[in-house]
Amino acid sequence: MSFAVDARGRAFVLDQVNGRVQIFQPGEEPRSLPVPGDTYQDVALTKDDGLVLLDRLSKESVAFADTRGKVTHEIPLAGEGVPEGGDVTGLFQRDDGTWVEVKHANLVKIADASGAPLDDRTIVQGRFGAEGSVLRASKSGDRAAYVAEKTERGVAPLAKVSFDLPLWQLLELDTDAKGRVFLGASLMEESSAPPFEVLDAREVVVVLDRHGSELGRLDLPASTGPEESFRRIRVGADGAVYHLTYDEQGATMRRYVL
Amino acid sequence: MIRLDSLLRLAVVAAGLGAALPALAAPPAMTRDEIIARGKGVVKFSYWWGHGRWSTTSTAYGSCSGSCPGCSHSGSYGADCSGFVAKAWQVPSAINVTTDSHPYSTYHFDNNSTHWSTVSRGSAKKADSFVYNTNGAGHIFLYESGDPWGWVTAIECKGCSYGCVRGGRSISSSYKAIRRDNIQDFPDKDGDGVADSKDNCPSTKNTSQTDTDKDGKGDACDDDDDADGVPDAKDNCVTTKNPTQTDTDKDGKGDACDTDDDADGVLDEKDNCVTVANKSQLDTDKDGKGDACDDDDDGDGVPDVSDNCPLVKNATQADADKDGKGDACEADDDADGVTDAEDNCPTTPNADQTDTDGDGEGDACDDDDDGDGVLDAVDVCPETADPTQADTDGDGVGDACDDDIDGDGRVNASDNCPELADPRQDDADEDGIGDACDDDIDGDGVFNAVDNCPTVANPDQKAGLGDKGEACSSGDTGDEPGAGEAIDAGCGCELPGGARRSGLPALALVVAAAAFARRRRR
């Protein structure tokens with residue numbers, strides 16, 4: 001499960017198990033778009049409200065769909081910079097084309113702005129940050145993570161973020177229009193002896209300014225249940241944080257205005 | 001779902017033979033790499049509920065349709081999640097992957113511990129598995145490696161639509177980590193990710209295992225990398241065998257690894273006099289041998305020492321005026337074979353009439369051959385226009401015309417760091433970018449600047465001693481780091497229902513709820 005948000009604040013939730021994308025907007029009834037397949041794992045939006053759908057494991061491809069969810073064409077993932085479709089950890093649609101992330105490290109441009117596949121792929125070492133920089137996040141030991149920035153001057157740590165619980169997984173790295181950096185993380189603590197039961201767990205978004213100084217933290221509820229999620233935190237251009245959780249009853253999207 | 005029929009059959013047969021129950025014997029010893037290698041074989045095969053077999057030679061992957069357990073399968077190969085892990089793990093006993101078997105369900109993996117045990121999620125390593133089984137639904141997958149975010153590369157038979165796949169994924173708090181019994185781990189004293197038994201420098205970190213002379217001792221711990229009998233400390237070509245140590249231009253770099261033996265600014269591979277300095281490369285007779293080292297410059301068969309026109313072909317040596325200068329070169333003041341009227345340098349020999357910048361003035365008499373505004377006398381690339389005059393290695397040959405920009409002995413085309421001197425060309429992650437200029441030397445997705453083991457791939461960044469990561473700490477567990485990429489601690493199930501304390505003024509707005517169905521997996 002994954003989702004994307006557009007400039008108008010609409011959330012497009014990929015509910016691939018039920019073969020659909022649901023579109024939510026506060027104050028309006030949700031709409032559904034059918035998608036042809038149940039193995040898509042990430043979704044992005046084109047400028048004209050079209051869908052870009054990532055199928056990294058089954059077809060190992062990216063599909064482009066129109067506003068009705070009808071797939072117009074597909075392009076392969078594997079190629080320069082992408083050894084296997086399963087290595088892809090994110091899908092990004094930008095004005096200049098379609099990018100995929102490999103193992104949370106490199107971005108690879110796989111299609112131009114028209115959705116045509118590229119033979120000569122551009123590879124960038126990180127996610128796009130503010131003012132032409134690229135960012136990478138990585139765990140550092142058990143309770144911290146680094147955000148590092150690469151600019152024309154080289155690579156330097158932007159911030160080392162510490163947590164009060166063991167860091168289980170990083171969930172998101174994004175920036176907003178103001179250049180603020182958002183680092184999402186899943187924190188969990190287990191007992192030190194068998195059966196290693198969970199003692200505490202939650203998710204958190206740490207907000208940094210463009211120089212790496214921490215502005216604050218947003219603690220979020222963690223999902224329960226075994227479902228695999230691909231993207232469950234997104235940041236809107238206005239800095240709003242969207243968080244998707246799910247439990248036995250279903251999924252819930254929350255929007256946090258900072 | 002609990003499935004006991006296969007296990008019961010095994011027990012009954014064994015009891016009938018009077019042998020020990022298979023379930024009580026230890027599974028065969030396996031290394032983590034062996035388990036992963038076996039597991040990878042299942043990728044692309046179909047999901048097959050209640051089964052476990054795949055082929056190492058056939059591409060008849062089979063197919064699955066519908067929703068399991070009511071799904072239908074076609075073909076002879078495939079596996080469900082637990083059938084796959086049992087076979088990759090070889091539990092309860094060794095069995096060929098082509099033989100169909102399904103000894104355990106996720107219920108067994110989650111609740112039993114006959115051939116495996118629960119371990120901390122934070123200590124999980126390659127070839128361990130993650131499993132859950134709740135309310136009759138369950139899943140299990142094989143853990144291969146971690147990434148910088150704590151995600152894992154998993155091998156799993158994921159469901160009817162996906163089939164059996166390999167790829168990165170997140171792990172929810174419902175999963176627990178289990179480890180098969182009788183796994184053989186190997187020590188790695190220097191923590192470079194290569195087991196001591198296979199390490200060509202077991203006490204010196206050398207992930208790349210470069211061994212230039214193939215003597216079994218890696219360069220990192222070899223005093224004579226190229227085995228030419230000259231110790232590296234005194235060798236003018238450390239990685240190129242040259243027992244004579246010949247160094248024509250006395251630049252400290254032996255000819256064997258010097259791309260410009262005579263230091264005339266022309267690389268040997270293009271130099272028409274390799275060991276005689278001749279920057280102009282003048283070759284009057286175009287025989288491939290420069291005049292500077294050619295005994296017969298004009299190729300007329302008369303040696304230069306007795307030729308009355310050494311630069312103009314005149315085999316007859318006719319000399320009508322008997323002035324000692326042959327007729328063939330009389331109307332040519334500079335004797336370059338080009339008549340003065342057509343000579344772009346009438347008083348300077350330039351048989352080839354080269355005029356790089358096309359200004360009508362031959363290079364031989366042009367103070368600025370390339371017309372870039374920098375006089376040749378001080379131009380680091382006199383024949384290539386480069387107003388910036390960049391010269392990275394300071395060898396006097398500008399980058400624009402330097403086939404070895406960084407001066408490390410490697411031509412740019414084959415240099416993995418063309419703008420940074422790095423004669424060893426180490427490239428630990430083999431990404432084509434040399435370590436000297438690679439922001440991520442070990443290729444683990446973590447920039448060197450923040451990597452707690454910058455030369456040992458440890459995407460999980462698990463802490464070790466001091467500031468170092470576990471993967472490169474001395475006195476570590478002795479596990480093979482390459483095979484034991486641990487993922488970090490933590491996990492959870494019982495969670496608060498809403499947003500908790502916040503450091504920011506946050507307005508929680510529940511936009512909507514999307515119901516979804518969960519599929520059961522075995």
Side-chain angles (χ1 to χ4, degrees), chain A residues 11 13 15 17-18 22 24 26 30 38-39 56-58 86-87 89 103-105 125 136 138-142 146 148 155-157 166-170 187-190 194-196 198 200-202 216-222 224-229 250-258, chain B residues 118 120-122 132 134 139 147-151 158 161-163 165-170 172-176 439-440 445-447 449-450 452 460-463 488-504 506-519:
Chain A
V13 179
D15 177 14
V17 173
N18 294 304
Q22 285 194 288
F24 297 97
D38 58 0
T39 52
R56 61 197 191 98
L57 294 173
S58 182
D87 292 331
T89 49
K103 293 190 173 182
H104 292 121
Q125 287 185 308
R136 268 189 185 177
S138 54
K139 296 178 70 175
S140 176
D142 293 335
Y146 270 113
V155 176
L167 172 58
W168 175 235
Q169 294 169 329
L170 294 174
L187 312 176
M188 296 184 199
E189 184 160 38
E190 60 182 353
F196 303 106
V198 174
D200 195 3
R202 64 175 179 275
R217 297 185 180 214
L218 179 64
D219 280 348
L220 303 168
T224 60
E227 273 67 32
E228 177 186 3
S229 66
T252 302
M253 168 78 69
R254 291 180 175 85
R255 177 171 180 261
Y256 298 86
V257 181
L258 307 181
Chain B
T118 302
S120 161
R121 296 164 183 84
Y132 88 90
T134 307
H139 186 52
D147 81 2
W149 283 34
W151 287 35
K158 198 174 181 70
S161 298
Y162 289 99
V165 298
R166 174 176 177 266
R169 60 163 294 158
S170 60
S172 87
S173 57
S174 297
Y175 285 84
K176 70 179 186 182
D439 289 323
D440 181 11
V446 182
F447 284 132
V450 295
N452 62 15
D460 49 54
Q461 295 289 293
K462 191 166 182 61
D488 284 343
C491 189
C493 285
E494 301 302 324
L495 303 171
R500 293 167 52 145
R501 59 183 171 76
S502 170
L504 290 174
L507 170 63
L509 174 64
V510 177
V511 177
F516 64 92
R518 180 186 306 155
R519 290 186 175 172

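Chain naming here is simple, since letters A, B, ... match the order of the sequence lines and numbering starts at 1 in each. Note that this is a predicted model, so its numbers are computed, not measured.
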I'd like to know if A/R136 pairs up with B/D440 as an ion pair, taking the criterion as any Lys NZ or Arg NE/NH1/NH2 lying under 4.0 Å from an Asp or Glu carboxylate oxygen. yes
With only heavy atoms counted, which part of B/V450 is less than 4.5 Å from chain A, the side chain, the backbone, both or neither? both
So for A/P157, is it side chain, backbone, both, or neither that comes closer than 4.5 Å to the heavy atoms of chain B? both
Short side-chain to backbone donor-acceptor contact, B/W151 and A/L170, under 3.5 Å: yes
For A/R217, is there an ion pair with A/D219 - N to carboxylate O distance below 4.0 angstrom? no
Would you check, one step at a time, whether the test side-chain hydrogen bond (donor to acceptor under 3.5 Å, both in side chains) holds for B/S172 with A/E228? CA-CA 6 Å; B/S172 87; A/E228 177 186 3; over 6 Å; no
Relative to chain B, which of A/Q169, A/K103, A/H104 shows the most heavy atom pairs under 4.5 Å? A/H104
